[in-house]
Protein chains: 2
Amino acid sequence: MTAATKSDGTVGKALEMLDLVAEFGRPVRFTDILVKSPHPKATSYRLLQTLTNQHMLEFNDGNGTYSLGGRLMRLAHAAWKTASLAPIARPFIETLVADVGETVHLAQIDQGQVLFVDKLQATDRFETLAQVGKIAPAYCTGVGKAMLAFLAPKRLQLAMLQQAYFKYTPATITDVASLEDELEQIQVSGIAYDREEHEEGIISIAAPVLSSNGRVIGALSIATSTTRHTLEGLDAFRAPLLETAEKIGAEATHWQFPA
Amino acid sequence: MTAATKSDGTVGKALEMLDLVAEFGRPVRFTDILVKSPHPKATSYRLLQTLTNQHMLEFNDGNGTYSLGGRLMRLAHAAWKTASLAPIARPFIETLVADVGETVHLAQIDQGQVLFVDKLQATDRFETLAQVGKIAPAYCTGVGKAMLAFLAPKRLQLAMLQQAYFKYTPATITDVASLEDELEQIQVSGIAYDREEHEEGIISIAAPVLSSNGRVIGALSIATSTTRHTLEGLDAFRAPLLETAEKIGAEATHWQFPA
DNA sequence: AGATTTAGTTTCATTATTTGAAACCTGAAG
DNA sequence: CTTCAGGTTTCAAATAATGAAACTAAATCT
């Protein structure tokens with residue numbers, strides 16, 4: 001019995017089903033879900049019914065599949081507006097993008113993972129799906145490491161322990177000791193790098209956003225490809241990045257954003 | 001037994017609480033929720049606890065408030081990727097934006113309302129919060145009317161009836177008969193206009209996205225301000241808009257997107 | 001300081017909901 | 001016409017949710 005999933009009654013089970021549907025990444029038939037569901041047939045069926053009635057799932061009569069419903073997007077929009085750093089940070093990020101001409105990401109830490117809450121693209125070249133709500137592991141992304149480095153010890157422990165370390169690329173750090181070393185360095189410099197650790201060809205420079213009480217409330221990064229910049233080249237963005245992160249931190253404090 | 005709100009057990013109650021928190025539009029204290037909650041103190045309290053355990057809500061120790069949680073954004077991202085028209089439509093919309101140099105919205109109809117699922121801005125700046133997940137009434141927006149006009153009669157009835165008609169601006173049509181007239185015209189022309197009916201100073205031209213079987217699966221609009229274009233000026237976008245809507249419809253059919 | 005109010009939390013017997021094995025549909029394949 | 005697979009419903013038993021009331025902690029009043 002891990003601390004991970006506390007079952008939490010009916011609501012817990014229902015949300016578990018939602019996660020299942022989400023995992024499939026495509027509309028799913030009842031049987032598809034059934035094989036993954038820990039519950040017997042009748043129970044799974046009724047949970048799906050309930051969620052569909054509640055518009056958390058949508059049922060497609062045509063092919064008998066379930067997919068995630070519109071109510072989720074409405075709620076998430078509300079979440080984004082009221083509970084994320086994004087609305088507060090937007091104006092500053094816009095300035096930064098205009099300034100450096102690169103794509104900027106804003107992330108927060110959520111359940112030990114990186115949760116992207118905003119993304120502004122330079123002008124706008126090709127790509128990309130709305131990054132908002134996307135998650136990534138903390139230990140191998142610039143924003144993730146920037147936040148880990150400034151996390152309070154207990155929260156850090158928690159985030160580090162509950163993580164499975166997967167080697168996404170040859171450069172991914174999967175060794176806890178090395179990771180801790182790097183976090184220490186980041187704590188000193190206030191800057192984190194992603195050296196193709198999550199995706200080959202993608203590098204980034206990131207800075208934590210700290211509220212006035214010193215707690216990490218997010219992180220900011222400039223991400224680019226190795227074809228556009230070298231790792232050293234990223235240092236040009238160091239100053240504006242830090243400056244913007246600081247401004248956002250000050251503003252967030254002013255708005256009493258939860259630490 | 002109204003069709004409106006079927007309570008649907010514990011899960012329904014929990015989601016009702018989520019909606020409550022969302023409505024406040026700010027972090028809320030337990031007592032704030034209590035006055036709006038239909039449930040007694042202990043029940044409301046436990047529902048919030050459950051949702052917090054499940055990361056659907058987040059509790060801020062600092063000031064004792066609840067706000068919508070990260071899990072919602074994760075799920076919504078999955079919903080956006082798998083259950084919305086947006087990923088399919090993206091490339092076409094990008095082309096359209098590049099073509100006309102205006103901001104383009106993509107919307108779907110959800111529970112009789114307009115649900116924005118994507119927004120691409122013309123190159124430029126100012127404004128705006130991630131529109132994804134934002135909702136608006138159908139009867140007074142371009143995209144909304146475009147979809148209503150092509151909705152199957154029964155679904156239209158439903159959407160029209162369950163709507164409260166609020167006069168957002170002097171131009172808002174709140175009279176069902178006039179609205180029906182306009183929908184007929186839209187059916188013929190395949191183009192809908194928003195003549196400052198939802199927001200003063202904002203006009204738009206919209207076209208429905210139809211799947212091959214003739215069902216509306218979404219709508220596309222070009223929105224602008226009265227200071228940039230006149231209503232007649234919008235007609236310049238008519239052809240590219242229709243063309244793009246058609247391409248998206250064809251592609252969606254190909255992907256068996258639910259009608 | 002002591003009394004009083006307010007906000008949040010817990011208890012526990014009662015009540016209502018959820019559960020799941022099994023039976024039952026229904027349309028498609030053999 | 002049988003069999004089968006996917007989906008749906010039933011109903012007594014098991015479980016989880018309920019809520020009045022009691023309790024705690026902190027703030028506010030006297």
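Sorted by first and then second residue, the salt bridge (Lys or Arg N to Asp or Glu O under 4.0 Å) pairs with a member in residues 36-63 of chain B form an empty list; sequence neighbours excluded. Counting only residues at least two apart or in different chains, side-chain hydrogen bond (donor to acceptor under 3.5 Å, both in side chains) contacts with residues 137-151 of chain B comprise B/K145-B/E182, B/K145-B/E197.
For B/E246, there are no salt bridge (Lys or Arg N to Asp or Glu O under 4.0 Å) partners, not counting sequence neighbours. For A/S37, the side-chain hydrogen bond (donor to acceptor under 3.5 Å, both in side chains) partners at least two apart in sequence or on another chain are A/S44. Legend: residues meeting ring pair (Phe, Tyr, Trp, His ring centres under 6.0 Å) with B/H198, ordered by chain and number and at least two apart, are B/Y168. Every residue meeting the side-chain hydrogen bond (donor to acceptor under 3.5 Å, both in side chains) condition with B/D19, not counting sequence neighbours, appears here in chain and number order: A/R71. With sequence neighbours left out, the side chain to side chain contact (heavy atoms under 4.5 Å, CB included) criterion links A/E251 to A/I88, A/F92, A/H254, A/W255.
Contact check, B/Y45 against C/dT9: a side-chain N or O comes under 4.0 Å of OP1 or OP2.
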Identify all side-chain donor-acceptor contacts of residues 21-30 of chain A below 3.5 Å with residues at least two apart in sequence or on another chain.
none

Fill in: Annotated protein contacts, base or backbone, on nucleotides 14-22 of chain D with a non-hydrogen cut-off under 4.0 Å, one of B, S, - each
--SSBBB--
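When the C1' atoms of four end pairs are superposed on the next four at each end of the helix from C/dA1-D/dT30 to C/dG30-D/dC1, using five pairs per end, the two resulting axes differ in direction by 20°, to 10°.
The stretch residues 28-36 of chain A comes close to DNA chain D through A/R29, A/F30, A/T31, each having a heavy atom under 4.0 Å from the strand.
Taking atom CE of residue A/M17 and atom P of nucleotide C/dT19, one finds them 10 Å apart after rounding to whole Å.
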Quick test: give all pairs of protein nitrogen or oxygen and nucleotides 25-30 of chain C nitrogen or oxygen below 3.5 Å, distance rounded to 0.1 Å.
none

